[in-house]
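Let me begin by presenting the structure, written as structure tokens, before commenting on it.
Proteins get letters first, then strands, A, B, ... in listed order; numbering begins at 1 in each. Just the heavy atoms: all of them, side chains too, but no hydrogens, waters or symmetry mates, feed the values below.
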Protein chains: 2
Amino acid sequence: MDTETLHFHALLSQVATATEEALEALLPPASSPLTEAMRYATLSGGKRMRAFFVIETCNMFHVPPTQAVRAAAAVECLHAYSLIHDDLPAMDDDDLRRGKPTVHRKWDDATAILAGDALQTIAFEILAAPKTAPDPAVRLKLITRLAEAAGARGMVGGQMLDILAETRRTPLSLEEITDLQALKTGALISWSVEAGGILGKSNTDALAVYAEAVGLAFQIQDDILDVTGTAETTGKATGKDAEAGKATFVSLLGLDAARKKAQDLVSEACDALAPYGSAASGLRRAAQYIVAREN
Amino acid sequence: MDTETLHFHALLSQVATATEEALEALLPPASSPLTEAMRYATLSGGKRMRAFFVIETCNMFHVPPTQAVRAAAAVECLHAYSLIHDDLPAMDDDDLRRGKPTVHRKWDDATAILAGDALQTIAFEILAAPKTAPDPAVRLKLITRLAEAAGARGMVGGQMLDILAETRRTPLSLEEITDLQALKTGALISWSVEAGGILGKSNTDALAVYAEAVGLAFQIQDDILDVTGTAETTGKATGKDAEAGKATFVSLLGLDAARKKAQDLVSEACDALAPYGSAASGLRRAAQYIVAREN
């Protein structure tokens, strides 16, 4: 690894630590299977890319770290809820997540449904509190945007399209997969990238362009890792998409073209950051990391 | 039925119509199984007691009806989400709701999980919009209170306790059931009753006392109807609690004492409304209705 990459990994690890400390304090104490499951799903590692985007863009706009880390914790709760529900037998039926049993495997389906439900709730609760931003209008904007990104016209809408695609006779086209992923994973990544701009009361147009490209690159790399990775390196079952005959960026483009497409998106993302100059170097490294990562 | 009761039924029906009209407009159009299921679960009738409490307390505090109906729609979305998830095979496994197939029976478990998820999201989205209240602080208070009422320390926490009770060797005590119901159904009823006070920027202490008593009375009546009602009158399967050997207010107190307890709670609830005089007559009738209803 070169020095820049090492530096980025250290930064990512710092963000993860700060976010987990915030989550430790914000989540209810582990006093029942419900709260144990909520903490298990939220505090069991992960790359914390969403938290990184929040905290990095907050830095760019000089948002106090105490505020940034709360917005980061909120989006990680929302993300954790979506993973718990996606892993359920009625959905993707996954036994492993980050190398550990999924919530419904460690407890049961009912606990997993409820823990996901309560994690969605607490995401909004965290954002609504004055400590997240002194200006009520800023908190309301974060809440409104998160609801748009998470709901039927965002993440959950994308997850529904993904499930419907499984029962279709014809595999999805490249355009359809792109649209699906923009909702399923892109919307929450966009929220995370724009959160710093919202908290810093700044225009978020350039960040939105970066976020869209990076979100798609992220998904392409996930599809690549499903083919090239192992359960050991990725911490989850691999080869599932091919086995299910599911259309992915790799099945549609081939491995090489998928890699090139991801790299092109990274360039596009970095170009959008030009107005910010060196203040956006963390975001540029993040884009590079996303297509180089092995898990 | 006497004139007062008839008048109350007419009022309840008015509120239901106004709330459903608002929901029609606020919910995304039925363009996929997800949004069809969201609309099906939210627009398929029900007593709309929560909406009634919101709109009635808003009237008491002179909140514009256009605001009141949005808060009412929000809590009905939250309530509909909880019913969809509660009805799932992993939870209560119910086939019927309001005399119609439950969402997972009409579609499937995945669609039901996602429709519930998106209905929770939209509840917060509705509350966060300026049309719900011009003052951002009021919207944030509604959101914060709803999150507290719905999450791990509220409704979902109560649902978890309910599930855990099923696997216990000893049935729940009266105190335990009371605590469980205060979370599972009471918290959202309390939010609905207090919403008018929050929107009207008024003290909600007396409303909170009323809400707690009425919420418990509501649950006792539900337990009574599970014993005395039929699927035809209640629109859902009855006798399930007794069949499951589940402790209820009726199994612990007996039918007569349960009825008396519910009636005492109604008196207690109405006493708490004394400071509001005749302005609270709608809430008093609602309390009477709750223990007299047959579905």
Report task. Can you see which heavy atom on Thr121(A) is nearest to which on Ala150(B), and at what distance? Result -> CG2-CB, 4.2 Å
Requested in this report: Please name the pair of heavy atoms, one in Ala90(B) and one in Ala110(A), separated by the smallest distance, quoted to 0.1 Å.
Outcome: O-CB, 3.3 Å
**Report entry** Exam field: side chain Gln120(A) to backbone Asp117(B), donor-acceptor pair closer than 3.5 Å
**Finding:** yes
At a 4.5 Å cut-off on heavy atoms, which part of [X] comes close to chain A: side chain, backbone, both, or neither?
X         : result
Met155(B) : neither
Leu164(B) : side chain
Ile163(B) : side chain

Taking every heavy-atom pair that is under 4.5 Å apart, which of [options] has the most such pairs with chain B?
options                                   : answer
Asp135(A), Val156(A), Leu27(A), Ile122(A) : Val156(A)
Arg145(A), Met91(A), Glu148(A)            : Met91(A)
Ala152(A), Gly151(A), Pro89(A), Ala115(A) : Ala152(A)
Leu140(A), Leu146(A), Asp108(A), Leu78(A) : Leu140(A)
Thr111(A), Thr35(A), Asp109(A)            : Thr111(A)

Requested in this report: Could you check if a side-chain atom of Thr144(A) sits within less than 4.5 angstrom of a side-chain atom of Phe124(B), using non-hydrogen atoms only?
Outcome: no
**Report entry** Gap separating the CD1 atom of Ile143(A) from the CG atom of Leu127(B), nearest 0.5 angstrom
**Finding:** 9.5 Å
Report summary line: To the nearest 0.5 Å, atom CG of Leu88(B) lies from atom CG of Leu114(A) at 9.5 Å
Query - Note: Glu125(A)-Arg153(B) ion pair, threshold 4.0 Å (strictly below) - result: yes
Query - Listed partners of Phe218(B) passing ring-ring contact (aromatic ring centres under 6.0 Å, His included), at least two apart - result: none
Query raised in the report: With a cut-off of 6.0 Å (strictly less than), are more than 12 heavy atoms of other residues, nucleotides or ligands near CD of Gln67(B)?
Result: yes
